[in-house]
Amino acid sequence: MNVEVAVPSILDRTLTYQWPFNEPAKVGQFVEVPLKNKVALGIVWSIEQKTITFKHTIKSVCTHYPLTLNKSYLDFLKKFTDYTLTPLGVLIKHILPKDLSPPIFKEHAHAFKAPVLTEEQSVAKDAIIKDLGKFHVSVLDGVTGSGKTEIYLEATAKAYENGGQTLILLPEIALTSQFRGRFEERFGEKPLIWHSQITPKQRNVIWHTAQQGRPCIVLGARSALLLPFSHLNLLVIDEEHDASYKQDEVMLYHARDMAILRGKEENINTVLVSATPSLETIHNIDQKKYSHLKVNSRYGNASLPTVNILSMRGLQKAARPSPWLHPTLFTEIQNRLATGEQSLLFLNRRGYAPLTICGECGFKIICPACDIAMVQHKSQPRLHCHYCDYTQIIPVNCPSCAQSTLNPCGPGVERLSEDLTNLLPEARILSVTSDLINTPKRTQEMVDSILNNEVDIIVGTQMLSKGYHFPNITLVGVVDADMGLNGPDLRCAERTYQQLHQVAGRCGRAEKPGTVYLQTYDPEHAVIKAVADWDQASFIELELQDRENHGMPPFGRLTSFLISGRDNTEVLSFCRKLLQTAPKHQDILIMGPVPAPLSRLKNQFRWRFLLKYPKGFAIQSYIRHWISQVPNPSSIRLIIDIDPLTFH
C-alpha cells in the first residue's frame, strides 16, 4: 500500500511512499519519511486504495506515530492552501510540532468570577452562547469602552464549562499584556498565550493541549489559527478590522477570513469583534450572512469623549508653542498636568524625523538599497531604513556638498517627546513605539507605568490606538490626522477613520469625561468630520457607495501579482511575457504591469499587476493555468496575493 505524505518543503504537492507496516495507515497520521538526504516529519495526506506500479523504486515510510490530526482540521488546511495558493509544503512546515511527545499536563480548574453585565451586554452574550457548537458568524459591534471583551469572555466561560476549546485572536502581541491581567482577574489563572516569542516548552504544551481536545482558552496572534484544535467551540477575532491580521510574508493570508473558513469547515461559532468593523464585514451584515450584535453604550458611567477639530491652516509658527502642536491642544495638556490626569498624543511615525535634508543643496539621505528616505533616530543615534533595516551613522556634513547643513524634517515620536520635555520639564513623558516597546516584558512595564499614574503624557504610535483601557487618560491629541488619507490604497479613508475612531476611544473610559483634538490641514474632509461627529453610519454609507460604483471590494474582488528581481530589465521582460500569455476572459480586468509605489526594496526592482474580477469567480484556477504557461526564472520572484490589503 502506498500513502501520500505532506512534507515540509517548497513543494505544492504530496510525495508518494510505501507503507511497510502491518497496521493500516490513517489519514492525518504523523510519520517520518526519507526526504533528500535526511529524515523528515510529515503527515499522511491520503491513502491509495489501488496499488499503482511506478517505474522507479518507491521509498518507504521510516516510522509512524499514533498522533493523528482530525479530518475536519485537514479539510480546513486543504481549503486554506487552495484559496491562498500557499504551497502545501510551506503550510506543513508551519503546523508541525517541534516535539511529538506530549508534556505532562496539569489539571486546570478555572475559578470563574462573573461580572455584572448591562442588559445590552447580556443580550449579546446570550446570542453568542446560543450558537456554541455550530457554525455561525456574529459581529459584536460596540462603541469603544462598551465592554465587548466582557461579553465574549462570558461566552468563553460557558464554552469551557461545556468541555470545549476557545481561541481568542488579537492582532498584535503587545495587546496580550493588558488582556492577560483582565483574564486572570476573570478566570483566576493565566491564559495559554501563543505568539512568536513564547518558549519551546510553552509551544509544546499549547500544541498538544489543542490537539488532544483538552478544555482550554488560548489567546494568540494570527498564527494561533493554525493550531490543531480538535474540540474548538468558539473562535473570537478581536479588532477584526485590523490590518495586522493580514500576513504578507511567506504565507499570504488574512487570519479573519481564514478563521471564518475554519469555522465553516469545523462547525465552530465565530465572533468578529470591533468598534469599527471593516466594510467587508458590514457588507456581509447587510447581506444577512452575519448576525449583528450591537452595544451602543459605554460601560458604567463613562460617556463618549467630545471630539474637536483644530485647523492648522494659516497658523503661523510664531503662534505655536511647538512647531507640531496647536496652541489649544498645548493648553489642554497643561490643564491635565494641573489636575493629575493623563494625556495621550498620537503620531504614527517612529523615530525622531522621517527625513534628513541638506538646507544648502537640498540633498536627501536615501537608503542605498530601497530608494526611500531613511528615518532619523535619536534615542540610539542612527539613520534607519524601516523597510530593509539598513542603518548608518548620522553624518555631520552633507554627502553631496560637504556643508554642515543637514536638518531633520518633520516630527517623529522621539522629536515630539523632546519638544514636550523642553516645554514642560516637570512632566513625566513616555514614548511608545515598536522600536522602544518590543518585548512582552517591556509592554507590561509600559502598561503598569500608565495604570499606576507614573506617567503624565504618553506620545505613541498606533501601538496605543486599540484595545487598551487606561482610566486616567482624559485627553487625546492626534498630531497629524491627515497622515493616512492620501496613499496608494483603496482603503486609506477606511483605515484612517478606524484609526482615528479607535484612538479617540482611548480617553474618557471611566468616570472622568474625555476630550479629543484632531489637528488637520483639511478640516472639511468627510473622514475628519465623521470622526468628530461620531457618525460612523454616514462614513460607511459614502464609502460603500464609492466602492460599489467602482466595483471594488466588498462588491468585487482583487488579486495582486508582485514581481521582483535585481535586474530591472529582466523583471520587466518577465512581466511582458506574463501579460502576453494571460488567458482572455470577459470577467477579468488585468491592470499593469506598472512599477510598484515602492519601486525598489532591498535591492529588488518591483512591478505590479492587479486583477479585478467579480465575486464568485474561480480566480485560483485561472491563475494556476496562467502561470503554468510562463517558466519562472530563479532570479525572478512572483508573489500572488489573493484579496490584498496593501499595494506598496
Side-chain angles (χ1 to χ4, degrees), residues 115 143-147 149-150 172-186 298-308 321-322 325 328-347 379 413-414 416-479 502-517:
V143 296
T144 53
S146 60
T149 304
E150 296 302 337
E172 294 180 18
I173 294 172
L175 290 176
T176 62
S177 175
Q178 193 175 37
F179 195 101
R180 183 193 295 116
R182 296 178 70 176
F183 186 96
E184 287 183 51
E185 183 181 342
R186 175 70 181 75
R298 279 193 154 187
Y299 189 76
N301 298 319
S303 57
L304 287 172
T306 303
V307 182
N308 305 282
S322 155
L325 295 178
T328 302
L329 177 56
F330 183 69
T331 300
E332 289 290 324
I333 294 170
Q334 290 176 304
N335 292 341
R336 294 313 186 280
L337 279 173
T339 58
E341 296 168 11
Q342 294 171 314
S343 302
L344 167 62
L345 294 183
F346 174 73
L347 176 62
S379 59
V413 163
E414 290 180 21
L416 183 57
S417 298
E418 181 182 87
D419 267 18
L420 286 166
T421 300
N422 293 331
L423 291 165
L424 302 167
E426 76 282 9
R428 299 167 298 175
I429 298 169
L430 175 68
S431 298
V432 178
T433 72
S434 56
D435 300 302
L436 306 171
I437 313 294
N438 53 12
T439 66
K441 182 182 178 183
R442 287 185 179 178
T443 303
Q444 188 61 55
E445 290 170 352
M446 177 267 293
V447 169
D448 291 342
S449 66
I450 297 173
L451 287 175
N452 295 332
N453 290 320
E454 296 166 4
V455 175
D456 300 311
I457 303 170
I458 306 107
V459 185
T461 60
Q462 63 180 355
M463 279 185 71
L464 281 175
S465 67
K466 57 213 167 191
Y468 288 107
H469 178 74
F470 299 124
N472 200 35
I473 291 180
T474 60
L475 174 67
V476 166
V478 180
V479 176
Q502 293 279 344
V503 76
R506 292 315 103 202
C507 76
R509 295 175 68 92
E511 287 75 16
K512 299 174 184 176
T515 307
V516 179
Y517 288 94

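The figures here come from the full heavy-atom set of this structure, side chains too, leaving out hydrogens, waters and symmetry mates.
Each of R336, E332, K512 was evaluated against T474; a single residue qualifies, R336, per the side chain to side chain donor-acceptor pair (under 3.5 Å) test.
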For this session: Would you sort out whether L464 and R506 count as a side-chain contact (heavy atoms from CB on, under 4.5 Å), showing the intermediate values?
Result: CA-CA 8 Å; L464 281 175; R506 292 315 103 202; 5.8 Å; no
For this session: I would like to know whether V503 and L344 meet side-chain contact (heavy atoms from CB on, under 4.5 Å); could you show each step before the answer?
Result: CA-CA 9 Å; V503 76; L344 167 62; 4.2 Å; yes
For this session: Please lay out, stage by stage, how S322 and L420 fare under the test side-chain contact (heavy atoms from CB on, under 4.5 Å).
Result: CA-CA 8 Å; S322 155; L420 286 166; over 6 Å; no
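L304 CG to C507 SG: the interatomic distance, rounded to the nearest 0.5 Å, is 9.5 Å. Separating the OG atom in S343 from the CD1 atom in I473 is a distance of 8.5 Å, to the nearest 0.5 Å. Atom CD of E445 sits about 12.0 Å away from atom CG of N452, to the nearest 0.5 Å. From S303, atom OG reaches atom CZ of R509 across 12.5 Å, with rounding to the nearest 0.5 Å. With rounding to the nearest 0.5 angstrom, the CG atom of D419 is 10.5 Å from the CG atom of L424.
Nearest heavy atom pair, residue V413 against residue G460, reads CG2-C, 4.1 Å. Considering every non-hydrogen atom in both L337 and A427, the closest pair reads CD2-CB, 3.9 Å. Closest non-hydrogen pair, G340 versus N472, comes out as O-ND2, 3.1 Å. Between H469 and L451 the shortest heavy-atom distance is O-CD2, 3.7 Å. Of all the heavy atoms in P321 and L423, the pair that sits closest is O-CD2, 3.6 Å. The nearest pair of heavy atoms linking Y517 to L475 is CD1-CD1, 3.7 Å.
For residues 423-439, the set of pairs meeting the salt bridge (charged side-chain N to carboxylate O under 4.0 Å, His left out) definition, not counting sequence neighbours, comprises R350-D435, R428-D456.
Applying the 6.0 Å contact sphere to CD of E511 captures no more than 12 heavy atoms from other residues, nucleotides or ligands.
Within the 4.5 Å cutoff, the side chain of R442 has no heavy atoms near those of the M446 side chain. Within the 4.5 Å cutoff, side-chain heavy atoms of S449 are placed close to those of L430. A 4.5 Å side-chain heavy-atom check between L345 and L347 finds every atom pair outside the cut-off.
For the 3.5 Å distance criterion, the side chains of Q444 and D448 qualify, holding a donor opposite an acceptor.
By the side chain to side chain donor-acceptor pair (under 3.5 Å) test, T144 is found to be paired with R298, residues two or more places apart in sequence or in another chain being considered. Applying the salt bridge (Lys or Arg N to Asp or Glu O under 4.0 Å) rule to R186 yields the partners E154; only residues at least two apart in sequence or on another chain are considered.
When atom types are taken as modelled, the side chain of E414 and the backbone of S379 share a donor-acceptor pair closer than 3.5 angstrom. Under the 3.5 Å distance criterion, the side-chain polar atoms of Q342 are matched with a main-chain donor or acceptor of I450.
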